[in-house]
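Contents: one structure, followed by commentary.
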Amino acid sequence: AKIESQLLTRVGIVSEVAENGKIGFDKYCEHSEGYYDVIFMDIRMPILDGLVTTSLIRSSYRSDAKDIIIIALTADASQADVRKSKEVGMNNHLAKPIESAVLYHVLTVELQKKYGKK
């Protein structure tokens, strides 16, 4: 998560890191709706993994729960892993190690889908 955070900081994006899925879900719930534009979700996290955490977010009561962008970051890159990510509601799936150009491209594409081209 540190590397991805550094890549985002390079292009002026403010990010936060959660050490595990429970902390990530708690941060999401503690902030106002719409506070986060994108969640990069590691699949392999302690306490709650990324699939469970994404399911919790998507099924939460919040108005932004269905449309917040969630992108998987994982070493698991098989078609089955991508399918599992999509099934729980992730918008996209990036395999580690992440190349900065790929990260920026996917982020741009997902933001354009949500907010439209500007």
Side-chain angles (χ1 to χ4, degrees):
K2 281 186 178 179
I3 292 170
E4 292 82 17
S5 183
Q6 290 171 348
L7 292 173
L8 295 171
T9 300
R10 280 189 200 162
V11 293
I13 296 173
V14 176
S15 65
E16 297 176 8
V17 176
E19 295 78 25
N20 62 58
K22 180 179 181 338
I23 292 172
F25 182 68
D26 289 346
K27 282 185 171 200
Y28 169 75
C29 292
E30 289 166 3
H31 285 86
S32 61
E33 295 176 1
Y35 177 83
Y36 295 108
D37 291 310
V38 177
I39 297 172
F40 289 97
M41 186 72 71
D42 197 337
I43 299 298
R44 294 184 185 178
M45 291 187 292
I47 303 177
L48 296 176
D49 70 27
L51 299 174
V52 171
T53 305
T54 298
S55 295
L56 289 171
I57 290 170
R58 292 293 188 217
S59 64
S60 74
Y61 62 91
R62 296 169 52 114
S63 66
D64 61 350
K66 301 292 186 237
D67 68 350
I68 188 166
I69 299 166
I70 303 176
I71 300 171
L73 296 176
T74 181
D76 304 326
S78 74
Q79 288 294 11
D81 296 315
V82 173
R83 188 182 72 253
K84 286 179 197 172
S85 295
K86 299 280 184 166
E87 285 173 356
V88 297
M90 292 189 186
N91 300 80
N92 216 313
H93 187 105
L94 294 175
K96 292 180 181 179
I98 308 290
E99 293 181 29
S100 59
V102 173
L103 177 73
Y104 302 145
H105 174 75
V106 168
L107 180 58
T108 300
V109 166
E110 291 300 334
L111 288 169
Q112 285 176 345
K113 282 185 206 173
K114 182 174 179 177
Y115 297 111
K117 294 183 180 184
K118 295 186 179 180

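We count residues from 1, following the sequence as given.
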Examine distances only and state if a side-chain atom of [X] and a backbone atom of [Y] form a donor-acceptor pair shorter than 3.5 Å.
| X | Y | value |
| --- | --- | --- |
| D64 | E33 | no |
| R62 | S32 | yes |
| N91 | I70 | yes |

Got a sec, which pairs hit ring pair (Phe, Tyr, Trp, His ring centres under 6.0 Å) with one end in residues 30-77, sequence neighbours left out? H31-Y35, H31-Y36

Side chains of [X] and [Y], heavy atoms from C-beta outward: is any pair under 4.5 Å?
| X | Y | value |
| --- | --- | --- |
| I39 | I57 | yes |
| L94 | I71 | yes |
| Y28 | T53 | no |
| E19 | I47 | no |

Spatial distance of atom [atom1] ([X]) from atom [atom2] ([Y]) [nearest 0.5 Å]:
| X | Y | atom1 | atom2 | answer |
| --- | --- | --- | --- | --- |
| S100 | H105 | OG | NE2 | 13.0 Å |
| L51 | I43 | CG | CD1 | 4.5 Å |
| I69 | E110 | CD1 | CD | 6.0 Å |
| I3 | L8 | CD1 | CG | 12.0 Å |
| D49 | N20 | CG | CG | 11.0 Å |
| I68 | R58 | CD1 | CZ | 7.5 Å |

Same cluster for [X] and [Y] if Ile/Leu/Val/Met/Phe/Trp/Tyr side chains link at under 4.5 Å?
| X | Y | result |
| --- | --- | --- |
| I13 | Y104 | yes |
| V106 | V82 | no |
| L73 | L107 | yes |
| V14 | L111 | no |
| M45 | I23 | no |

So, [X] and [Y], do they make that salt bridge, N to O below 4.0 Å?
| X | Y | answer |
| --- | --- | --- |
| R83 | E87 | yes |
| E30 | K27 | no |
| D37 | K114 | no |

Please check if atom CD in E99 has more than 12 non-hydrogen atoms from other residues, nucleotides or ligands closer than 6.0 Å. no

Looking only at heavy atoms, what is the nearest atom pair of [X] and [Y], with distance?
| X | Y | answer |
| --- | --- | --- |
| S78 | D81 | OG-OD2, 2.8 Å |
| N92 | K86 | CA-NZ, 4.1 Å |
| S85 | H93 | OG-ND1, 2.8 Å |

Who pairs with R10 by salt bridge (Lys or Arg N to Asp or Glu O under 4.0 Å), at least two apart in sequence or on another chain? none

